[in-house]
Amino acid sequence: MSKINLPKTYDYKGIEERLYRWWEEKGFFKPSNDPPQPGFDHSKKPFVISIPPPNVTGELHLGHAMFVSMEDLMIRYHRMKGMPTLWVPGSDHAGIATQLQVEKMLAGEGLTREQLGREEFIRRTWAWKEKYGGVINRQIRRLGASCDWDRERFTLDAGLSRAVREAFVRLYRKGLIYRGPRLINWSPGLRTAVSDLEVEYSEEPGRLYYFKYRLAGSADEFIPVATTRPETILGDTAVAVHPEDERYRQYVGRRVLVPILNRAIPVIADEYVDRQFGGGALKITPGHDPNDYQIGVQHGLEIISVLDEAARVNHNGGIYAGLDRFECRKKLWEDMRAAGLVIKEQPYTLNVPRSQRGGEIIEPMISTQWFVSIQPLAQAALEVVRDGRIRIVPERFSKVYYNWLENIQDWCISRQLWWGHRIPVWYCGECGEMTVASDDPAACAVCGSSKLEQDADVLDTWFSSGLWPFSTLGWPDDTPDLRYFYPTSVLETGYDILFFWVARMIMFGLEFTGKVPFHTVYLHGLIRDEVGQKMSKSKGNVIDPLVVMDELGTDALRFTLLVGSAPGNDMNLSTKKVEANRNFANKVWNVGRFALASLAQSPKQPEGEVDWTLADSWIWARLQQLVRHVERLFAVHQYGEAGRQIYDFFWAEFADWYVEIAKLQLAQGGDRAFYTVYTLIRVLDACLRLLHPFTPFVTEELWGHLKRACQQHSERLSPQGGWEEALIVARWQPSRADEGWEAQKIADFTLVQEVVRAIRNLRAEKKIKPGSRIPAYLLCGERLGVLESQRDTIAALAHLDANRLRLAASLDEKPSPALSLVVAGVEIYLPLANVVDRETERVRLKGELTAVEAQIQRLESLLDSEFAIKAPPAVVEKERQKLAIFRQSAEKLRQQLSGLR
RNA sequence: GGGCGAUUAGCUCAGUUGGUUAGAGCGCUACUAUCACAAAGUAGAGGUCACAGGUUCGAGUCCUGUAUCGCCCACCA
């Protein structure tokens, strides 16, 4: 092998960064057809993805690595297909997460945000964002993300803030946003409202407390009631019983006394009450329980809040005012026990609502907040998926989506935070009326007073994320980007944010642009550790993608994530898998080295006509099949399966077989060598194109070497249409239909493979010295022509002595003594007297014969059944042929057996 | 309570228009420093495709049911 200056192992270090910088500097990440550029053509259909904006506070984790890999795959594929592609990057201001982060930093300085004041706190948060906010997107670059960084957006930047205000004002004017007191989920630690989605329920051991609700004006009558949260007794405004419950019917309409407080409240009847549970009666706390709230509203009950914003008991709690909710629970229960009101308590499994963010226990509370009337939006969002204008992949998630939207509650969008989009509503100090405006108003819209104060709350982070696909393209302005790139093509993300984000984008997209924001939703699964557990710092099972990229290369990580699981299915990741794919990258690299070295020694031009070998034709035919499969799989979003097939073809067929045969063909020199190099180059080039969306770095690097070497060598080696500037912008390998000759070549080559494998197998079994050249007879029957033409190949691959290799249709006198075997109807004899033991051979051949006879029997009965009549003729014919070959084989095995005697 | 997914080799997983000998990687066994690659090569062992029915000429694949595990939604105090 001539010297080529490529290292023996693929060394991604250095290559990845260099290539990424080069791609970016060259502008390859920008759409090939860009509205601001001269020659822009509006009629060309673009392919567009909006990135799921990672939290600006974030550090790269495998979830990011997953979506970046998947989206970059789609983007690179469509770019190579020649579509103008745009991948809009950005990040999310992540209200709560960021605010907590900055507060933590301040705490280090002994400061609180209250001490700083709102304005200064926000200034500090921006400073923090400028300093650390770029980390996540630098990490995303390392994955090879080919986003148009010139279009990078941040949910809190000026343009997007304007979009948020505009959206709010439009919804408000349409009557779809309202403000009012409602029972909401309150996070006492964060001191803010959160939406239903931000509450997670966890099963935890707790207690169920039974106690007496005494009837007013009666010394001994009481109704037994059970609760899991005794402190809420302070806010009870009724006791409910089932209307048909004989035990308590008599009490309905009378009044009972709230323990300790001795407030008199009514006994009401409601069918909601489960007679079987607890004492069969239900205390009603409309101020602190969602179900009780419903009942309270229906019955016109008083609603009493007993907790303040830190979940301490407020003035309504009488003597308990000022106590923390859990202290109160204890104290009140003790007092009730002392008062003889306690019946019993028992262990009980609770479903505790906890904050998705801090993990603290959420309190349902009455609070004045802003809400979106979600019904009309949800209806529209349901329709577009039902009628197929948006397709969700995998399809099963459509059902989940429907189910959620059909049961959706109004969305609480106000948060009592400082970091975020401030609600564009001003309250007049004179007349008290609201002014809702997209631009800061100078005066009250009602009375004209300038004494205005803006609402202190900010919007839920997901409100701005919901606008992302179009706000990033310039909405509410009618920009060229918006006109050309919207609606986007695919929205790709994890199924865990289907509700948080995807559904809201669909609702907002339809509402504000009148169009679906994307046509396809592709949902990937979550990444877990080797044994299927969620990765978490406390478990210590976290795999850091940055470390993996450092140690095994970006391509290896990407390929693993892309090929490791089916769409929507979770994936268990282990570094073992990444190692295997690192090995694959290395395999690609080394096939490349081989091709380049071969090229260096090849004749410049052929002198005669093209004369393809069987191997040449075979690999080409198989490549065409592969390209067609990949094309079909991509069309149905089966990217993993496509990658797997490319992997298998590349390794098990191209590298293991074609490259080995190429070595023989190259040794022949002349035109044979030239056309072998040509085939190597063409197939390698095609594979690099197919692999590029999966493993962009190794393919680009190798392709660059290949291109330069070919250009120096010969015009004849250029791909059709010439060499493109870079693989990232090269044409996707076109798929073409078979021309008719392929099936036979594949069948012929498969026979060669079978013969070679059979001989190798027997050699290994008989412990014949590896590499030693041994004699052989091949009795080929009607296959003589094919095998004769592959004589040298077979001899070399099976380590036969070419001078003592004899091929014939048949022989009257069989070689003996000899090891013998039959494969696909071909008889093979290895006349090696020293290893032949007649008895062992007899046993071995008998075993073979039994196996073949079993197959014959199976096929005979199959072909004798209705199968022969009802199955498609082609399928039946295939089985007939198999049977014929098995019969041949059986016949020959019998001969061999008798020859042993 | 409702819904979804998974169940295939020792382990981790593919297997999407149903086609008759079920694949990969890792691990395992034997052999191999030969010249693209030892991060490799060659050969091999290893599976009643969770279970029970059904549809079909034919089921890992479609239907029904069961079991186990996991997830989502709802939230009976």
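Labels below follow one simple rule: chain letters A, B, ... track the order of the sequence lines, proteins then strands, and each chain is numbered from 1. These figures come from a predicted structure and were not determined experimentally.
Nucleic acid contact for A:V636: none, since no nucleic acid atom lies under 4.0 Å from a heavy atom of the residue. Residue A:E660 is classed as a base contact, given a heavy-atom separation below 4.0 Å to a base. At a threshold of 4.0 angstrom between heavy atoms, the contacts of A:A566 are confined to the sugar-phosphate backbone, with no base atom among them. Within 4.0 Å (heavy atoms only), A:E765 reaches no atom of the nucleic acid at all. A:K878 comes within contact range of the sugar-phosphate backbone alone, with a heavy-atom separation under 4.0 Å but no base atom that close. Residue A:G564 is classed as a sugar-phosphate contact, given heavy-atom separations below 4.0 Å to backbone atoms only.
Across A:P353 and A:V199, no two heavy atoms sit closer than the pair CB-CG1, 3.6 Å. The two residues A:R582 and A:L552 come nearest to each other via the heavy atoms CG-O, 3.4 Å. Residues A:S574 and A:I543 approach most closely at CA-CD1, 4.3 Å, considering heavy atoms.
Taking atom C1' in both B:G46 and B:U29, one finds a spacing of 11 Å when rounded to whole Å. Spacing between B:U8 and B:C51 at atom C1', rounded to whole Å, works out to 14 Å. For the P atom pair drawn from B:A9 and B:A22, the interatomic distance equals 14 Å after rounding to whole Å. Taking atom C1' on both B:G47 and B:C28, the two are 16 Å apart, rounded to the nearest angstrom. Of the P atoms belonging to B:C63 and B:U21, the separation is 24 Å, rounded to the nearest Å. A gap of 14 Å separates the C1' atoms of B:A6 and B:U12, to the nearest Å. Straight-line distance between the C1' atoms of B:C69 and B:A50: roughly 11 Å, to the nearest whole Å. Remark: the separation of the C1' atoms in B:U32 and B:A38 is 10 Å, to the nearest Å.
Checked against B:C57, B:C4, B:U21, the side chain of A:S865 finds its nearest nucleotide in B:C57.
Note: A:W333 and A:F211 have perpendicular aromatic rings, judged against thresholds of 30 and 60 degrees for the angle between ring planes. Below 30°, between 30° and 60°, or above 60°: for A:F584 and A:W651 the angle between ring planes is below 30°, a parallel geometry.
With sequence neighbours excluded, the residues forming a side chain to side chain contact (heavy atoms under 4.5 Å, CB included) with A:Q753 are A:W618, A:W657, A:F749, A:T750, A:R757, listed by chain and number. For A:R504, the side chain to side chain contact (heavy atoms under 4.5 Å, CB included) partners at least two apart in sequence or on another chain are A:S195, A:L197, A:W411, A:D460, A:W462, A:F500, A:M507. Partners of A:R880 according to the salt bridge (Lys or Arg N to Asp or Glu O under 4.0 Å) rule, which considers only residues two or more places apart in sequence or in another chain, do not exist here. In this structure, the ring pair (Phe, Tyr, Trp, His ring centres under 6.0 Å) partners of A:F499, at least two apart in sequence or on a different chain, are A:W404. With sequence neighbours excluded, the residues satisfying salt bridge (Lys or Arg N to Asp or Glu O under 4.0 Å) with A:E198 are A:R415.
Checked against a 6.0 Å centroid threshold, the rings of A:F649 and A:Y647 do not count as neighbours.
Between A:A764 and A:K882, the one whose closest nucleotide on RNA chain B sits nearer the 5' end is A:K882. Nearest-nucleotide positions on RNA chain B place A:F397 closer to the 5' end than the other of A:P567 and A:F397.
With respect to the salt-bridge test (charged N to carboxylate O, under 4.0 angstrom), the residues A:D245 and A:R247 qualify. Under a 4.0 Å N-O distance rule, the pair A:D292/A:K283 does not qualify as a salt bridge.
At least one donor-acceptor pair closer than 3.5 Å links the side chain of A:H288 to the backbone N or O of A:V306.
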Give every pair of a protein N or O atom and an N or O atom of nucleotides 27-31 of chain B that lie under 3.5 Å apart, one pair per line with the distance.
none

Pairwise N/O distances under 3.5 Å, protein to nucleotides 38-41 of chain B:
{"unit_1": "B:A39", "atom_1": "O4'", "unit_2": "A:N583", "atom_2": "OD1", "d": "3.3"}
{"unit_1": "B:A39", "atom_1": "O2'", "unit_2": "A:N586", "atom_2": "ND2", "d": "3.3"}
{"unit_1": "B:A39", "atom_1": "N3", "unit_2": "A:R582", "atom_2": "NE", "d": "2.8"}
{"unit_1": "B:A40", "atom_1": "OP1", "unit_2": "A:N583", "atom_2": "ND2", "d": "2.8"}
{"unit_1": "B:A40", "atom_1": "O3'", "unit_2": "A:K587", "atom_2": "NZ", "d": "3.2"}
{"unit_1": "B:G41", "atom_1": "OP1", "unit_2": "A:K587", "atom_2": "NZ", "d": "3.3"}
{"unit_1": "B:G41", "atom_1": "OP1", "unit_2": "A:W651", "atom_2": "NE1", "d": "2.5"}

If you restrict it to nitrogen or oxygen atoms, what contacts under 3.5 Å exist between nucleotides 44-48 of chain B and the protein, and what is each distance?
{"unit_1": "B:G44", "atom_1": "OP1", "unit_2": "A:N761", "atom_2": "ND2", "d": "2.9"}

Enumerate all atom pairs, one protein N or O and one N or O from nucleotides 8-10 of chain B, separated by less than 3.5 Å.
none

Under-3.5 Å N/O pairs linking protein and nucleotides 5-7 of chain B:
none

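For A:Q645 against B:A24, no side-chain N or O and base N or O form a donor-acceptor pair under 3.5 Å.
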Practice prompt. Let me have RNA chain B in dot-bracket notation, would you? Count Watson-Crick plus G-U wobble pairs, both distances under 3.5 Å, and use [ ] for pairs crossing earlier ones and | for inter-strand partners.
Written response: ((((((((.[[[[.)...(...]]]].(((((.......))))).....[[[[[..)....]]]]])))))))....
Worksheet entry | Annotated protein contacts, base or backbone, on nucleotides 64-77 of chain B with a non-hydrogen cut-off under 4.0 Å, one of B, S, - each | ---------S-BBB
